[in-house]
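The structure displayed is predicted, hence computed values, not measured ones.
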Amino acid sequence: MSEGRSANVALLRRLSPLDGMKNDNLAALARKVTINELAAGRTLFKEGDADRKSYWLVAGMVELREGERTVAMIRSGTPEARNPLAPKLPRRVSARAVDAIEYIAVDSDLLDMM
């Protein structure tokens, strides 16, 4: 995993529920969020994880797996990718990068405050 460039307001506005935030809050969030990269085949999060982060896919495709079974394939730019990946905690699925992906991760407590 590598941390990359800063996110911008235009990117965040394409994501739900961030698209409903006030401009000032969105700008403040954009200053705190970076776009991260993950290599193909690597795991973004595992089934059972309870970390309080919300993940959005920005580029590439992820496979969501429940045990050994694939339950969804999410490609960036699709309506499904507008929403956080597997937002319920503990996570009911694992997310694996099918190809090299870019994603953002936002602390859920920070989102709640904003």
Side-chain angles (χ1 to χ4, degrees):
M1 260 188 273
S2 70
E3 291 203 15
R5 63 193 188 283
S6 296
N8 59 49
V9 172
L11 169 67
L12 298 181
R13 189 164 303 290
R14 292 195 312 252
L15 307 173
S16 179
L18 306 180
D19 55 354
M21 294 175 77
K22 294 179 181 171
N23 285 337
D24 291 348
N25 288 348
L26 210 53
L29 184 61
R31 288 190 293 275
K32 297 177 186 205
V33 173
T34 58
I35 299 171
N36 304 296
E37 297 176 355
L38 187 65
R42 300 289 308 270
T43 300
L44 182 58
F45 55 79
K46 293 185 180 198
E47 186 174 350
D49 283 356
D51 64 334
R52 295 209 23 92
K53 288 190 176 182
S54 296
Y55 295 91
W56 284 268
L57 181 64
V58 176
M61 183 164 48
V62 296
E63 173 186 36
L64 299 181
R65 296 181 61 86
E66 187 174 2
E68 296 300 313
R69 188 170 67 94
T70 298
V71 294
M73 300 289 275
I74 309 289
R75 182 177 300 283
S76 62
T78 63
E80 295 83 14
R82 290 191 68 236
N83 299 305
L85 296 169
K88 291 189 174 26
L89 297 177
R91 304 224 189 262
R92 296 181 178 150
V93 295
S94 298
R96 184 186 67 83
V98 173
D99 47 17
I101 64 167
E102 293 183 345
Y103 68 95
I104 61 171
V106 179
D107 184 273
S108 298
D109 293 331
L110 175 63
L111 276 181
D112 291 344
M113 286 186 342
M114 298 183 111

From CA spacing to verdict: side chain to side chain contact (heavy atoms under 4.5 Å, CB included), V62, Y55: CA-CA 12 Å; V62 296; Y55 295 91; over 6 Å; no
From CG (N83) to CG (L57), nearest 0.5 Å: 12.0 Å
Straight-line distance of M21 CE to L111 CG, nearest 0.5 Å: 6.5 Å
Kindly write out the residues that satisfy side-chain contact (heavy atoms from CB on, under 4.5 Å) with E47, not counting sequence neighbours, or none if the list is empty. E66, S94
Measuring from atom CG of L38 to atom CG of L44, what distance do you get when rounded to the nearest 0.5 angstrom? 6.0 Å
On a heavy-atom basis, the closest approach of P84 and S54 is CB-CB, 4.5 Å
Quick one: does D51's side chain have a donor or acceptor within less than 3.5 Å of a partner on K53's backbone? no
Where is the tightest heavy-atom contact between I35 and S6, given as atom of each residue plus distance? CD1-O, 4.1 Å
Listed by chain and number, what are the side-chain contact (heavy atoms from CB on, under 4.5 Å) partners of A100, not counting sequence neighbours? none
Using the rule that Ile, Leu, Val, Met, Phe, Trp and Tyr join whenever any side-chain heavy atoms are under 4.5 Å apart, tell me whether V93 and M73 fall into a single cluster. no
Whether R91 and D49 form a salt bridge (side-chain N of Lys/Arg under 4.0 Å from carboxylate O of Asp/Glu) is what I want to check. no
Report the distance from atom CE of M61 to atom CD1 of I101, rounding to the nearest 0.5 Å. 11.0 Å
As an exercise, state the distance from NZ of K32 to CD1 of I104, rounded to the nearest 0.5 Å. 14.0 Å
Nearest heavy-atom contact between A39 and A97 is O-CB, 3.5 Å
About how many Å separate CH2 of W56 and OG of S76, when rounded to the nearest 0.5 Å? 15.5 Å
Residue pairs meeting salt bridge (charged side-chain N to carboxylate O under 4.0 Å, His left out), one or both in residues 6-26, sequence neighbours left out, come to D19-R82
Test log, rule side chain to side chain contact (heavy atoms under 4.5 Å, CB included), inputs V9 and L11: CA-CA 5 Å; V9 172; L11 169 67; over 6 Å; no
Before giving the answer on side chain to side chain donor-acceptor pair (under 3.5 Å), spell out for R65 and T70 the whole-Å C-alpha distance, their side-chain angles and the decisive distance to 0.1 Å. CA-CA 4 Å; R65 296 181 61 86; T70 298; 3.0 Å; yes
